[in-house]
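What follows is a single structure, written as structure tokens, with notes after it.
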2 protein chains.
Amino acid sequence: MKSTIPDTGVPIIPPAGNGGDRQEASLHGEILLRLRDYVVEGNIPDGARVPERQLCEMLGISRTPLREALKVLAAEGLIELLPNRGARVRQLSQRDLEELFDVMAGLESLAGRLACEAITDAEIAAIEQLHYEMYGHYLHRDMHGYFQTNQRIHESIVAAARNETLKTAYANFAGRIRRVRYSANFARKRQRWAEAMREHEAILDALRRRATSELSDILFQHLRNKRTAAIEHLTEPQEDSLASP
Amino acid sequence: MKSTIPDTGVPIIPPAGNGGDRQEASLHGEILLRLRDYVVEGNIPDGARVPERQLCEMLGISRTPLREALKVLAAEGLIELLPNRGARVRQLSQRDLEELFDVMAGLESLAGRLACEAITDAEIAAIEQLHYEMYGHYLHRDMHGYFQTNQRIHESIVAAARNETLKTAYANFAGRIRRVRYSANFARKRQRWAEAMREHEAILDALRRRATSELSDILFQHLRNKRTAAIEHLTEPQEDSLASP
DNA sequence: GCCGGCCATTTTGCATTCATTTTTTGTCAC
DNA sequence: GTGACAAAAAATGAATGCAAAATGGCCGGC
């Protein structure tokens with residue numbers, strides 16, 4: 001068996017986490033959600049060939065809805081479809097990653113701008129709360145907690161922008177990056193960590209003052225720095241610190 | 001015949017303009033390109049029901065590749081797929097349009113930032129060239145020429161950002177807006193026109209100086225103003241001026 | 001005359017089938 | 001043993017078929 005997917009029998013891919021209380025009537029939609037999660041979570045190696053037949057067995061469906069879902073995932077940029085040669089998980093080059101991070105930076109920068117126009121004091125207070133929580137994780141060197149809270153902060157800013165279109169685009173690009181994170185076992189460097197905390201202070205400060213342009217700049221730069229850290233991590237993956245007291 | 005699509009016989013949708021020298025081996029890819037253009041160009045009224053069978057006849061194919069293309073267009077946000085009730089051209093509310101313009105503003109703002117880092121003097125010179133050309137159209141009250149050159153300028157800035165991911169996303173959102181433009185027969189107000197020219201002067205100036213943050217702000221604001229003009233135009237469509245000496 | 005339920009037709013969703021293309025395997029010559 | 005060629009196997013791309021759902025028309029009732 002040459003297949004790159006673990007071959008432990010038949011249905012492997014779980015019936016959609018449904019963590020966000022989402023529901024999808026049609027089969028292809030359900031399949032789409034499941035497959036997307038499955039790919040984003042890094043269950044298929046980069047560039048691995050994924051025979052349709054096998055996926056069909058795993059999901060317990062016929063090829064028609066599966067192929068529809070694959071086309072959509074390809075449009076989203078998660079996989080690529082080679083003519084007559086099937087679907088492959090899209091292998092992101094370093095350049096691709098840089099581009100992705102920059103686009104994310106642009107979207108967050110935009111989110112910051114829009115948030116300044118629309119955010120309520122209560123929302124700012126909630127973000128402050130998250131900020132302190134994150135600071136706690138930082139002090140305790142709890143990388144995982146830090147990471148999650150960090151993500152919630154950024155999502156809160158995007159939510160405060162009151163723009164569903166932006167939110168959707170953001171989620172799409174975030175998914176592509178998350179896949180790399182999952183599979184490459186990302187972690188920030190210690191040095192970068194403290195810097196990131198300082199940047200978050202500045203973000204919060206600008207947000208409080210509704211300093212539109214300033215926040216936009218800070219958010220962009222913050223993501224830019226993340227990008228640099230990520231690329232460095234990929235280039236020399238030995239020098240990371242996932243958890244340490 | 002209740003159909004909303006002009007019923008002049010069988011294949012109606014042309015075999016892909018192929019203006020950009022694009023080629024697509026697979027049928028569903030070909031169909032995707034054709035259908036996307038067809039929808040973007042406003043050939044199907046907002047919210048119109050589009051029976052698959054009819055589209056199949058028009059395109060001379062079976063339902064399978066068509067449905068695959070529809071799924072992708074839905075993912076791109078051009079149409080929406082109601083479960084068991086077929087595909088409809090997505091009707092954009094005023095709010096949707098505002099959101100789209102804001103996202104476009106964010107992407108152009110980002111493009112400006114990145115362009116400042118990467119643009120060559122030659123590219124700036126080319127944009128200056130376009131700028132003067134556009135100014136000529138402005139002086140001659142040539143709305144169409146103005147509009148096209150304007151678009152080329154913005155595309156040049158995006159191109160100068162050297163980010164394919166951004167370019168793709170930009171093209172996607174631009175398509176959604178263009179559809180509205182095509183069908184609503186957009187036009188700027190005279191007053192706004194002069195303002196836009198001044199903004200373009202500022203854009204060019206900031207670009208020459210590679211003033212990253214400044215350009216980012218100006219581009220965002222420029223698009224924001226476009227947004228306002230567009231919304232006003234939609235709200236009271238009688239007060240426009242498409243061409244006048 | 002208008003409204004609501006029932007049935008025929010249409011349309012969608014998915015499975016299955018058919019036709020190519022690709023990939024693998026097996027064989028033969030060197 | 002290695003390489004190339006050819007046939008077999010498998011995979012993809014597209015078309016067709018079938019069941020379920022929705023649409024539209026019709027009739028009866030109020």
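Any value given below was found using the heavy atoms of this structure, including those in side chains, with hydrogens, waters and symmetry copies removed. In the text below, chain A, chain B and the rest are named by the order of the sequence lines, each starting its count at 1.
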Inset, instruction - May I ask you to check whether over 12 heavy atoms, not counting those of R152(A), lie within 6.0 Å of atom CZ? - result: no
Inset, instruction - Would you mind checking if E232(A) and R192(A) are paired as a salt bridge, meaning a charged N to carboxylate O distance below 4.0 Å? - result: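 So R192(A) does not pair with E232(A) through a salt bridge.
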Rounded to whole angstroms, how far apart are [atom1] on [X] and [atom2] on [N]?
| X | N | atom1 | atom2 | value |
| --- | --- | --- | --- | --- |
| E52(B) | dA15(D) | CD | C1' | 14 Å |
| H28(B) | dT20(C) | NE2 | C1' | 16 Å |
| E30(A) | dC14(C) | CD | C1' | 15 Å |
| R88(A) | dA11(D) | CZ | P | 14 Å |
| N84(B) | dT11(C) | CG | C1' | 9 Å |
| R63(B) | dT11(C) | CZ | P | 10 Å |
| L66(B) | dA14(D) | CG | C1' | 12 Å |
| R53(B) | dA22(D) | CZ | P | 18 Å |

Can you tell which of [options] lies closest to the side chain of [X]?
| X | options | value |
| --- | --- | --- |
| R49(A) | dC14(C), dT23(D), dT23(C) | dT23(C) |
| I61(B) | dA15(C), dA15(D), dT12(D) | dA15(D) |
| T64(A) | dT16(C), dT11(C), dA11(D) | dT16(C) |

Legend entry - Donor-acceptor pair between Y170(A) and E155(A) side chains, under 3.5 angstrom: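 Short answer, no.
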Inset, instruction - Output yes when a side-chain donor or acceptor of S109(A) lies under 3.5 Å from a complementary backbone atom of S216(A), and no otherwise. - result: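 It does hold such a pair.
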Inset, instruction - Answer with yes or no whether R85(A) presents, from its side chain, a donor or acceptor under 3.5 Å of a partner atom in the base of dG13(D). - result: no
Legend entry - base_contact_polar (dA14(D) base, S62(B) side chain, donor-acceptor, <3.5 Å): no
